[in-house]
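Inspection log for the structure reproduced underneath, given as structure tokens.
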Protein chains: 2
Amino acid sequence: MSDDDDLVFKALADPTRRALLDRLFARDGQTLTELESELAMTRFGVMKHLRLLEEAGLVVTRRQGREKLHFLNPVPIRLIHDRWIDKYTEHHTTTLLDLKAELERDDPKEKR
Amino acid sequence: MSDDDDLVFKALADPTRRALLDRLFARDGQTLTELESELAMTRFGVMKHLRLLEEAGLVVTRRQGREKLHFLNPVPIRLIHDRWIDKYTEHHTTTLLDLKAELERDDPKEKR
DNA sequence: AGAATAGGTGACCAGATGGTCACATGTCAA
DNA sequence: TTGACATGTGACCATCTGGTCACCTATTCT
């Protein structure tokens, strides 16, 4: 509600930035150059994306000499979850997801 | 990963659409006209936003006569959560959030 | 049937966004 | 201290996005 989290949602809106979060989820504490090498984009682009992620609080950084290490911060994600998932109905959702996984195992890719 | 969820993140990127989800979270099954009346925007704008939310699967609809009822679907939100919150560290995050709430009760609004 | 009501379409415009580049700063190691 | 490396800044451009409007269709009620 306090649309301070606007930064978080804007940051998550781009596929490149989500990919960066995925890379950090897989291995935390990577540098800009490491992340760039995995992403088929110039260093400048990656830097811009990392800046947005950091301003949104989704990534926290620590300088180590001339390197800057990046870490994934899960807290804002958790807050998104809590905004629209009622504690009371959370169990139902989980059940639905299990059912969905079950169905897709039998009938992979059905549209709408 | 299957950037089909691109629609979900794009849909969540706009404050008006998040406000719509909030309204539906508060009271499910509202019509377009009901939602419009709460939002200081023309009906056309609201309709466009609802369409994106529906295409993203965040809102599901049911026609009833000439009315169209809108319902919040929490499943995609849950999937976002599961993408970056490790089951193993989930407890730590919850603990951090509790701590944060605790701190903000004593020191409301501190930046960064 | 005819009026009122609820929802839908396509085009249009101003402003925001993603990506690149030339150039600049800071740090390490020989 | 010089060169190589890691990161940072400001400007620039093509494209996407939010919002509005004139106009259209479908359903309900009298």
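Proteins come first, then strands; the chains are lettered A, B, ... in the order of their sequence lines, and each starts at number 1.
- Considering only side-chain atoms of A:Arg17, the nucleotide from C:dG18, C:dA6, D:dC21 that sits closest is C:dG18.
- Checked by distance alone, B:Arg66 brings a side-chain donor or acceptor within 3.5 Å of a matching partner on the base of C:dT5.
- Looking at heavy-atom distances under 4.0 Å, B:Gly65 makes contact with sugar-phosphate atoms alone, never a base.
- The side chain of B:Asp14 sits closest to D:dG18 out of C:dT9, C:dC21, D:dG18.
- Residue B:Thr16 places at least one side-chain N or O under 4.0 Å from the OP1 or OP2 atom of D:dG19.
- In this structure, A:Lys48 reaches the bases: a heavy-atom distance under 4.0 Å links it to at least one base atom across the strands shown.
- Spacing between atom CG of A:Leu35 and atom C1' of D:dG8 amounts to 16 Å, rounded to whole angstrom units.
- For B:Met41, the side-chain atoms get nearest to D:dG19 when compared with the rest of D:dG19, C:dG8, D:dT7.
- When each of C:dG18, C:dG7, D:dG18 is scored by its nearest atom to the side-chain atoms of B:Leu32, the top-ranked nucleotide is C:dG7.
- The residue B:Arg43 sits close to a base: some heavy atom pair falls under 4.0 Å.
- Of the candidate nucleotides C:dT9, D:dG8, C:dT20, C:dT9 has the atom nearest to the side chain of B:Phe44.
- At a threshold of 4.5 Å between non-hydrogen side-chain atoms, the residues B:Leu24 and B:Leu35 count as touching.
- Summarising the geometry, the separation between CG on B:Asp6 and C1' on C:dT17 is reported as 14 Å, rounded to the nearest angstrom.
- The nucleotide whose nearest atom lies closest to any side-chain atom of B:Arg63 is, among C:dG8, D:dG19, D:dG8, C:dG8.
- OP1 or OP2 of D:dT17 has not a single side-chain nitrogen or oxygen of B:His49 nearer than 4.0 Å.
- Residue A:Thr42 has a polar side-chain atom (N or O) positioned under 4.0 Å from OP1 or OP2 of C:dT20.
- Under a 4.0 Å N-O distance rule, the pair B:Asp22/A:Arg83 qualifies as a salt bridge.
- Mapping B:Leu69 and A:Leu52 onto DNA chain C via the closest heavy atom, the residue that lands nearer the 5' end is B:Leu69.
- Rounded to a whole Å, the CZ atom of A:Arg51 is 11 Å from the C1' atom of D:dG10.
- B:Leu12 contributes atom CG, which lies 11.0 Å from atom CG of B:Asp5 (distance to the nearest 0.5 angstrom).
- We find that CE of A:Met47 is positioned 13 Å from P of D:dA6, with the value rounded to whole Å.
- Between B:Arg43 and B:Thr33 there is no side-chain heavy-atom pair separated by less than 4.5 Å.
- The CE atom of A:Met41 lies 11.0 Å from the NZ atom of A:Lys48; values are rounded to the nearest 0.5 Å.
- Rounding to whole angstrom units, NZ of residue A:Lys10 and C1' of D:dC16 are separated by 13 Å.
- Within the 4.5 Å cutoff, side-chain heavy atoms of A:Leu21 are placed close to those of A:Val59.
- In this structure, CG of A:Leu39 is placed 15 Å from P of C:dG18, rounded to the nearest angstrom.
- The listed nucleotides are C:dG7, D:dG19, D:dT7; the one nearest the side chain of B:Thr33 is C:dG7.
- For D:dG8, the OP1/OP2 oxygens have a side-chain nitrogen or oxygen of A:Lys68 closer than 4.0 Å.
- Distance A:Arg62 CZ to D:dA6 P: 18 Å, rounded to the nearest Å.
- Per the geometry, CG belonging to A:Leu50 stands 13 Å off P belonging to D:dT9, to the nearest Å.
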